[in-house]
Amino acid sequence: MSAPLLSVRGLRTVFPTRRGPLAAADGVDFDIAEGEALGVVGESGSGKSVTFLSVLGLVRPPGKVERGEILFGGRDLRHLSPNELRALRGRMVALAMQDALSALNPALTIGTQIVETLRAHAIPGDPRAEAVRLLTRVGIPDAARRLGDYPHQFSGGMRQRAMIAISLAARPRLLVADEPTTALDVTIRAQVLDLLDELRAEQGLAVAMITHDLAVVAERCPRVMVMYAGQVVETGPTAEVIAQPRHPYTRGLMDSLPRLEDPDRPLHAIPGQVPDLATVDAGCRYRNRCALAVAACAEPVALAPAGDARLSRCIRAAEVSP
């Protein structure tokens, strides 16, 4: 098998706090292959965005990547200079941010922001024509005229689509899409997701889809990675993970969702609270909320095989699903 496009091992990203260092990503391991769509799920604060900001070299002091290996195309990104990282971002690895209103420059037109990306990475062709094509492809009507509009003149959904157009402008090999469909209606959401699927098939674009929408992951991502309290707790083929979770947290996420085939089924919220990451110990971080917890869960728990192509950070993985 060929080497993955992105391979992360032992990633630990720390932020100082008054209570001590807080590891927002702690021992994170994962791979993304060329042309693959990986769904990254977990509640807010689980470390999803911080993990990929670390990959992109966008964690700023006082936060820092304390240790870990981040291999992209065989190069360890942690050893690149700031200029080398700047050249790589956008061109090889792009980020579609969750809050487009904050990400877009309010003082520049949408067209200017797309064109400057094309010129910065020396993309061949007429920049304005390419900007029109990109906006049209993400579903912006009358794209040529809208190039002259400012972000505040776009609706929330249109800003999100413009953000995606900018992230795709330099034709990256990996797109980190952080909640890319949050502000979109159902029709436009399907159009944007179809576009990403087309780019995966045509250009081998790899996609890391960070989202709370498990329906999007189930429909569009063949593989899923579940994060909790800064760690990967389960990963594997999406259909298998949804049908038969191998970690109690994944099971809790599934039990909290309504199902069309059983609309009267009661929904079950996960009890308890997420642990304080500044005070966690080496044991399972989910044990204070877990019905399967035993004394051995207070010891370090590794991400271990839990079936074909599946990993789980649970010593009782086989007992999670009936």
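Position 1 is the first residue of the sequence, and the numbers go up from there. The analysis underlying the following values was restricted to heavy atoms, covering all of them including side chains, and did not include hydrogens, waters or symmetry mates.
Side-chain contact between T235 and V226 is absent, with no heavy atoms from C-beta onward closer than 4.5 Å. F154 has its side chain within reach of D149: a pair of non-hydrogen atoms, C-beta onward, lies under 4.5 Å apart. Taking 4.5 Å as the limit, some side-chain heavy atom of I70 sits within range of a side-chain heavy atom of L6. Between T136 and I140 the shortest side-chain heavy-atom distance does not fall below 4.5 Å. Using a 4.5 Å heavy-atom cutoff, the side chains of R159 and I110 are not in contact. The shortest distance between side-chain heavy atoms of C297 and I315 falls below 4.5 Å. Looking at V138 and L134, their side chains never come closer than 4.5 Å, going by heavy atoms from C-beta outward. Side-chain contact between M227 and V40: present, with at least one pair of heavy atoms (C-beta onward) separated by less than 4.5 Å.
A salt bridge links R287 to D281: one of the charged nitrogens lies within less than 4.0 Å of a carboxylate oxygen. With salt bridges taken as basic N to acidic carboxylate O contacts below 4.0 Å, none links E69 and R12. Using a 4.0 Å cut-off between charged nitrogen and carboxylate oxygen, D31 and R9 count as a salt-bridge pair. Using a cut-off of 4.0 Å between Lys/Arg side-chain N and Asp/Glu carboxylate O, E116 and R119 are scored as not salt-bridged. Using a cutoff of 4.0 Å between basic side-chain nitrogens and carboxylate oxygens, D213 and R220 are not scored as salt-bridged. Of the charged side-chain nitrogens involved, at least one lies within less than 4.0 Å of a carboxylate oxygen, so that R251 and D255 count as a salt-bridged pair.
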Would H212 and V41 count as a side-chain contact (heavy atoms from CB on, under 4.5 Å) if you check the C-alpha gap in whole Å, the side-chain angles of each, and the deciding distance to 0.1 Å? CA-CA 6 Å; H212 291 98; V41 302; over 6 Å; no
Test side-chain contact (heavy atoms from CB on, under 4.5 Å) on T117 and I114 and set out the steps. CA-CA 5 Å; T117 300; I114 299 176; 5.8 Å; no
Could you walk me through whether D178 and K48 pass salt bridge (Lys or Arg N to Asp or Glu O under 4.0 Å), step by step? CA-CA 9 Å; D178 195 347; K48 307 183 299 296; over 6 Å; no
Candidate pair L174 and F72, rule side-chain contact (heavy atoms from CB on, under 4.5 Å), full reasoning: CA-CA 10 Å; L174 169 64; F72 181 82; 4.0 Å; yes
Evaluation steps, side-chain contact (heavy atoms from CB on, under 4.5 Å), between R161 and I188: CA-CA 9 Å; R161 282 176 273 165; I188 298 300; 3.2 Å; yes
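Two different hydrophobic clusters hold L71 and V28 under the rule that ILVMFWY side chains link at heavy-atom gaps under 4.5 Å. Hydrophobic clustering (ILVMFWY, side-chain heavy atoms < 4.5 Å, transitive): V59 and L22 are in distinct clusters. I164 and V132 fall within the same hydrophobic cluster, defined by Ile, Leu, Val, Met, Phe, Trp and Tyr side-chain heavy atoms under 4.5 Å apart, directly or through other members. When hydrophobic clusters are built by joining Ile, Leu, Val, Met, Phe, Trp and Tyr residues whose side-chain heavy atoms come closer than 4.5 Å, directly or via intermediates, L303 is not grouped with V301. Residue L214 is not grouped with residue M209 when hydrophobic side chains (ILVMFWY) are merged at heavy-atom distances under 4.5 angstrom, including chains of intermediate members.
Summarising the geometry, atom CD belonging to E219 is positioned 9.5 Å from atom SG belonging to C221; distances are rounded to the nearest 0.5 Å. Atom CD of residue E198 and atom CG of residue L193 lie 11.0 Å apart, to the nearest 0.5 angstrom. Taking CG from L108 and CD from Q113, the interatomic distance works out to 5.0 Å, rounded to the nearest 0.5 Å. Put simply, CZ on R223 and CG on L38 are 5.0 Å apart, with the number rounded to the nearest 0.5 Å. Here L175 contributes atom CG and L168 contributes atom CG; the two are 5.5 Å apart, rounded to the nearest 0.5 Å. If you take CD on E36 and CG on L5, they are separated by 10.0 Å, rounding to the nearest 0.5 Å.
Panel note: side chain R289, backbone P271; a donor-acceptor pair is recorded below 3.5 Å. A donor-acceptor contact shorter than 3.5 Å is absent between the side chain of R171 and the backbone of L205. Formation of a donor-acceptor pair under 3.5 Å by the E240 side chain with backbone atoms of P237 is not found in this model. The backbone N or O of A306 lies less than 3.5 Å from no partner atom in the side chain of S312, so there is not a single donor-acceptor pair. Looking only at distances, no side-chain donor or acceptor of R310 sits under 3.5 Å from a matching main-chain atom of A304. Under a 3.5 Å cut-off, the side chain of R137 and the backbone N or O of L195 do not form any donor-acceptor pair. Of the possible donor and acceptor atoms, one in the side chain of R200 sits under 3.5 Å from a partner among the backbone N and O of G35. The main-chain N or O of I123 is never found under 3.5 Å from a side-chain atom of H121 such that the two would form a donor-acceptor pair. With hydrogens and angles ignored, the 3.5 Å screen pairs no side-chain donor or acceptor of R19 with any backbone N or O of P16. Side-chain atoms of R316 come within 3.5 Å of backbone atoms of L292 as a donor-acceptor pair (strictly under, hydrogens ignored).
Within 6.0 Å of CG on D308 lie no more than 12 heavy atoms contributed by other residues, nucleotides or ligands. Within 6.0 Å of atom CD in Q273, 12 or fewer heavy atoms from other residues, nucleotides or ligands are found, so the atom counts as exposed in its surroundings.
Here the closest non-hydrogen pair linking A24 and V50 is CB-CG1, 3.8 Å. Of all the heavy atoms in F15 and G63, the pair that sits closest is CD2-CA, 3.5 Å. Shortest non-hydrogen contact noted between P4 and S7 is CG-CB, 3.9 Å. The nearest pair of heavy atoms linking I242 to A218 is CD1-CB, 3.6 Å. Nearest heavy-atom pair, L118 versus P127, reported as atom, atom and distance to 0.1 Å: CD1-O, 3.4 Å. The two residues L80 and E84 come nearest to each other via the heavy atoms CA-OE1, 3.4 Å.
Taking the six-membered ring for Trp and thresholds of 30 and 60 degrees, Y249 and Y228 have ring planes inclined between 30 and 60 degrees apart.
Residues T250 and E234 bring a donor and an acceptor atom of their side chains to less than 3.5 Å of each other. There is no side-chain donor-acceptor pair under 3.5 Å between S54 and T51. Side-chain N/O atoms of S46 and E43 include no donor and acceptor closer than 3.5 Å.
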